[in-house]
Amino acid sequence: MDIKAIFMGLAFALMWSSAFTSARVIVEYAPPLSALALRFLISGLIGVAIAWALGQSARLSCKQWLGVVIFGVCQNALYLGLNFVAMQTIPASLAAIIASTMPLLVALAGWIVFGTKVKPLGIIGLIAGLLGVVLIMGARLQGGVDLYGLTLCVIGVISLTIATLAVLGASSGGNVLMIVGLQMLVGSTLLWVPALTLEVWDVTWNWQLVVAFVYTTLVSGLAATLVWFLLVGRIGAVKASTFHFLNPFLGVAIAAALLGESIGVLDVLGVAIIAGGILAVQLSKQ
């Protein structure tokens, strides 16, 4: 792994982890699904426009189109849609912790569903990650966490796992920025249906909302997705996923620093165990 790939991985982890904090700010002042649908519409149009200006084509292979649709539906519409709704009632740090278990679920799916051989280090990592999740969930449930929001986040991370398994097929063959823009437009199209049906456009305009929306749209949305696709194309999905072990730490730290969310001792211990489990699983694949 070269130095450029390392910086790309660190940048992705930081942008991905900070998305939960900016999303928590957005849903405090605006309807979640409408805000997310608008975000994807803007990000998608910008991505497609820049891709066209760079000479990239929307003529994708069948495999690429399948990846675009699956990624757009599972990550953008389901995973992020459910998380935006959930963060109306649960802390951003908890949403980040649940989402960060995705690499563990990918490894577990590969082992159970696809029959992928898992080395002893990987099995230890899976067990450790599960124990870390149980530790955190037990502490949060005793503290009175909203079960509805928690359930939405769990369903969301399962959708994210499916989207991640489709990334490699969507990113191969070039036209990366075009693919990023198109999958965002897919997510936007689907999200407008429940947004217009279920929500009322009731927005409290202030600088916090504007900054969070712009950041989410351009940085944790467009830039983070583009960096992830490029990183997967550069070093492969297995090595790229190693950087996910940073997400539990960064997600909790950013939420605590910017939103003042309280972090307990069991949270810190659980995050460390999950991060160690993710790292062990990814190292076992290399």
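Computation of the quantities below employed the complete heavy-atom set of this structure, encompassing side-chain atoms and omitting hydrogens, waters and symmetry-equivalent molecules.
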Are R234 and K4 close enough that some pair of their side-chain heavy atoms sits under 4.5 Å apart? yes
Which heavy-atom pair separates T225 from Q183 by the least distance, and what is that distance? CG2-NE2, 3.1 Å
Do S57 and M178 touch side chain to side chain, with heavy atoms closer than 4.5 Å? no
Please lay out, stage by stage, how I50 and I46 fare under the test side-chain contact (heavy atoms from CB on, under 4.5 Å). CA-CA 6 Å; I50 296 175; I46 292 174; 3.7 Å; yes
Residue pair L182 / W65, side-chain heavy-atom distance below 4.5 Å: yes
If we check side-chain contact (heavy atoms from CB on, under 4.5 Å) with L152, which of these qualifies: D146, L82, N83, T89? L82
Grab the two heavy atoms, one from L94 and one from V145, that are nearest each other, plus how far apart they are. CD2-CG2, 3.4 Å
How far does CD1 of I274 sit from CG of L131, to the nearest 0.5 angstrom? 10.0 Å
If you round to the nearest 0.5 Å, how far is CZ of R24 from CG of L259? 7.5 Å
Got a second to check how far L191's CG is from F84's CZ, nearest 0.5 Å? 9.5 Å
Q56 side chain vs L177 backbone, donor-acceptor pair below 3.5 Å: yes
Quick one: are S93 and F20 in side-chain contact, heavy atoms under 4.5 Å? no
Backbone of L14 reached by a side-chain donor or acceptor of S17 within 3.5 Å: no
For residues L54 and V180: do they belong to one hydrophobic cluster (side chain heavy atoms under 4.5 Å, members Ile, Leu, Val, Met, Phe, Trp, Tyr)? yes
Between the main-chain N or O of I155 and the side-chain N or O of S159, is there a donor-acceptor pair closer than 3.5 Å? yes
On a heavy-atom basis, which atom in L135 and which in G270 lie closest, and how many Å separate them? CD2-N, 3.8 Å
Between W192 and S188, does any side-chain donor sit less than 3.5 Å from a side-chain acceptor? yes
Say whether, by atom type as modelled, one donor and one acceptor occur between the side chain of S43 and the main chain of T217 under 3.5 angstrom. yes
Between I136 and V271, is the side-chain contact (heavy atoms from CB on, under 4.5 Å) condition met? List the steps. CA-CA 8 Å; I136 293 174; V271 163; 4.1 Å; yes
Would you say the side chain of F249 lies within less than 4.5 Å of the side chain of S100, judging by non-hydrogen atoms? no
If you look at every heavy atom in A256 and I263, which pair is closest and at what distance? CB-CG1, 4.0 Å
With the side chain counted from C-beta on, respond yes when L66 and S61 share a heavy-atom pair under 4.5 Å apart, and no when they do not. no
Given side chains that start at C-beta, do those of H244 and N247 come closer than 4.5 Å, heavy atoms only? yes
Donor-acceptor check, side chain of R39 to backbone of F213, threshold 3.5 angstrom: yes or no? no
Evaluate the ring planes of Y79 and W16, with Trp represented by its six-membered ring, and classify them as parallel (under 30°), tilted (30 to 60°) or perpendicular (over 60°). parallel
In the single-linkage hydrophobic clustering (I, L, V, M, F, W, Y; side-chain heavy atoms under 4.5 Å), do Y148 and I97 co-cluster? yes
Over 12 foreign heavy atoms within 6.0 Å of CH2, W201: yes
Under 3.5 Å: donor-acceptor pair, side chain of E199, backbone of S34: yes
Backbone of L80 reached by a side-chain donor or acceptor of Q75 within 3.5 Å: no
Between the CG atom in L121 and the OG atom in S284, the distance rounded to the nearest 0.5 Å is 5.5 Å
In one Ile/Leu/Val/Met/Phe/Trp/Tyr side-chain cluster, 4.5 Å: L209, L218: yes
Look at the side-chain heavy atoms of Ile, Leu, Val, Met, Phe, Trp and Tyr, link any pair under 4.5 Å apart, and say whether L196 and I26 land in one connected group. yes
Quick one, V203 and Y29 - any side-chain contact, counting heavy atoms below 4.5 Å? no
If we check side-chain contact (heavy atoms from CB on, under 4.5 Å) with S22, which of these qualifies: V219, T216, I254? T216
In short, M137 meets L150 closest at the heavy-atom pair SD-CD1, 3.6 Å
Distance col, row I42:CD1 vs L185:CG, nearest 0.5 angstrom, shows 11.5 Å
Any donor-acceptor pair under 3.5 Å linking the side chain of D202 with the backbone of P31? no
Provide the closest heavy-atom pair for A128 versus I273 in the form atom of the first, atom of the second, distance. O-CG2, 2.9 Å
Spell out, as yes or no, whether a donor-acceptor pair under 3.5 Å connects the side chain of T101 to the backbone of L104. no
Looking at CG of L33 and CG of L38, how far apart are the two atoms once the value is rounded to the nearest 0.5 Å? 12.5 Å
Hydrophobic cluster identity match, L269 and L279, side-chain contacts under 4.5 Å: no
Residue that, paired with M184, satisfies side-chain contact (heavy atoms from CB on, under 4.5 Å) out of L45, L222, V68, L41: L222
